[in-house]
Amino acid sequence: MRLTDHPILGRPDRGRVVTFNFDGGEMSGFEGEPIAAALRAAGVAVHRYTKKHRAPRGVFCAIGRCTDCVMVVDGRPNVRTCVTPLAEGMCVKTQYGAGGGELGSSAAPEAADGRATDEKV
Amino acid sequence: MKRYDLIVVGAGPAGLSAAAEAAAHGLGVAVFDENSRPGGQLFKQIHKFFGSKEHKAKIRGYDIGAGLLREAEGLGVKVYLNSPVTGMYLDREIVAETDGAVSHYRADAIVVATGASENMVAFDGWTLPGVMGAGAAQTMMNINRVRPGSRVLMLGSGNVGLVVGYQLLQAGCELAAVVDAAPRVGGYGVHAAKLARCGVPFFLSHTIVKAEGETRVTGVVIGRVDETWNIVPGTQKHFDADTICVAAGLSPSTRLLLMAGCEMYEPVPGGGRLPVCDEFTGKTSVQGIYAAGDVSGIEEASSAMIEGRAAGAAAAAELGYISGGELKARLDKLETALASLREGMFAPKNRGKVFVKTDEGYDISDSLLRNGYLADGEATKYPGVKSVAGIHPVIECTQNIPCNPCQDACPKGCIKVGTNIVSLPAVDEKAGCIGCGMCVASCSGQAVFLVNEDVGGGFATVTAPYEFLPVPQKGERGVALDRSGAPVCEAEIVDVRTSPSFDRTFLLTFRVPGEQCSRARFWRREVRRFGRD
């Protein structure tokens, strides 16, 4: 999914490779790129499940406007992954509903429908 | 509280232009933007811009953005990034949030250049991951350098849909189709033609019935719409796709203007509100507050930059940095530049009008509007397409759009647009084309070709612009495609040209049987057997 070369933009100027944790598994991406870009490159499409209908959501506007791509990042829910830079050792989790009642809790128990597991890459 | 003469909200084309203009007149200027990089959407625009020299035509968007940023910074403009402006209060006071801290700033004048956000179409399944704005796809591939998907369906045939569709192909994605509920292609015909000759099918009078998939998009169903926009039974078609891009127009981001108490109006009932403002300087009903760029009405980046300049100049005059006479002189110049962009079939004043003829009286191609390409034999009706001995330009530019770089590019005076930049370019067959290719590379719509109808042995050559990877090599064999993307004949690459002045556009020259030179308009690597595919 990553563009290694481009007829107009040429080769991308990337940051250093960093590892991060996504839903318990290790992944890598480039430092400073949006978290959503690293996830997209790894084939992850689902960022969260909505609270009421448990419907999947992913990147929608990619400019920090719509909040569809929010996830739990380093224990903090509702982080807009399309505009939040990736850093070494980040812990990124699929968000369920509002991301738990308080800061620091990652997953709400009601979302245990198994679909998120299918999305892990 | 920190004070500036002028605060600009939004570091896009309009905002940066306003800031640079005002700073050039001596104002102390600060620009606030919520993003981590300045430039708004300019750095995502990898195509060459339309217009004429004064509008920076034939320069790619990101280069225009870089130039603007250099200019503003060189003039001492302070740019606050990662700083969304969350409030606007009495006496031109704003609140911006940086790194979680809220700060107040005040200015004698404020230019609101907050741009616009993408509209959505709520079809069944529109919330599935994989459905995104066309702008989102553009951000993913041109800024983040990640493909938004492998196989994409584009909903919307306006310039955004067409331009982003082409960029998806450049990024190596497949484009399954361009779909639009309107009966005619909404954007420039030349943009549609670029896609069509790559083989992208157009489905006008169609819309998305549903996006398929459980947790992400796996396919799309489209259907034809009748006059009342309902799906005609039995017309549904399925496409495999992992991504759906929606390019259904933009809505001005007017919240700050509302908060400031600016008077608003609804140009179309139910179609959203716009600020009541001077259509040129963007002066709103609240003293000292200006609106520039898309927030004052959706146009495009070239006009946004001029509006920004006008707002910056007006603010400078209001604060006494320039005289009324100086302002008038400056505005007259800017107004002429803006007026020429606001001419032609796609001008804001002509929105929704259906043109059947050009200003010159040529028929507008129905095939171009329905299928995205000129039908065989149609091109010769236009003044840019002539049959001449020897190498000559063939300009398939058939709508009145504000653009004239081809005229300036030709060192021999072969191409005439005239003083009205929306006129169709005409080829002067007596002027003596030398085959330099500058016109081919200069055309933002990639609508100029060089044709030599007889190079001997019953062959002809066609030179076409090429902006894909890998770049073909001389001697390589492939197939020539017609304007619809259908293979017409085998074609060998006989020349590949590049030059700094072509700005990353390659010029491919391929050899085809003489009778195909009026049809062959694109080259594809794979060799197919004719009559069997």
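Note that these values count all heavy atoms, side chains included, but never hydrogens, waters or copies made by symmetry. Lettering of chains follows the sequences in order, A, B, ..., and the numbering in each one begins at 1.
- Each of L128(B), V131(B), T127(B) was checked for a side chain to side chain contact (heavy atoms under 4.5 Å, CB included) with R57(A), and the lone residue meeting it is T127(B).
- Contacts between E34(B) and chain A at a heavy-atom distance below 4.5 Å involve the side chain alone, from C-beta outward.
- In terms of heavy-atom pairs under 4.5 Å with chain A, the best-connected choice from M140(B), R147(B), Q138(B) is R147(B).
- Only the backbone of R11(A) comes within contact range of chain B, judged by heavy atoms closer than 4.5 Å.
- Rounding to the nearest 0.5 Å places OG of S150(B) at 4.5 Å from CE of M1(A).
- No other option in A171(B), P84(B), G133(B), S36(B) has as many heavy-atom pairs under 4.5 Å with chain A as A171(B).
- In this structure E476(B) satisfies the salt bridge (charged side-chain N to carboxylate O under 4.0 Å, His left out) test together with R525(B), sequence neighbours excluded.
- Within residues 38-49 of chain B, the residues approaching chain A closer than 4.5 Å by heavy atoms are, in numerical order, K44(B), I46(B).
- Residue A38(A): no heavy atom, backbone or side chain, is found under 4.5 Å from chain B.
- For chain A, the nearby parts of N142(B) are the backbone and the side chain; heavy atoms of each come within less than 4.5 Å.
- When Q167(B), Q170(B), R145(B) are compared by the number of non-hydrogen pairs under 4.5 Å with chain A, R145(B) comes out ahead.
- Of the listed residues (T50(A), D5(A), V83(A)), the greatest number of heavy-atom pairs within a distance under 4.5 Å of chain B belongs to D5(A).
- With a 4.5 Å cut-off on side-chain heavy atoms, T139(B) and I63(A) count as touching.
- For the side chain to side chain contact (heavy atoms under 4.5 Å, CB included) criterion with P129(B), the lone passing option out of V44(A), V46(A), D68(A) is V46(A).
- The side-chain heavy atoms of N144(B) and E33(A), taken from C-beta on, include no pair separated by under 4.5 Å.
- By the side chain to side chain donor-acceptor pair (under 3.5 Å) test, D240(B) pairs with H238(B), sequence neighbours left out.
- Chain A is approached within less than 4.5 Å, heavy atom to heavy atom, by M120(B) from residues 115-123 of chain B, ordered by number.
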F60(A)/V246(B) under side-chain contact (heavy atoms from CB on, under 4.5 Å): CA gap, chis, key distance, verdict: CA-CA 10 Å; F60(A) 187 67; V246(B) 181; over 6 Å; no
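- With a 4.5 angstrom heavy-atom cutoff, Y466(B) does not touch chain A via any of its atoms.
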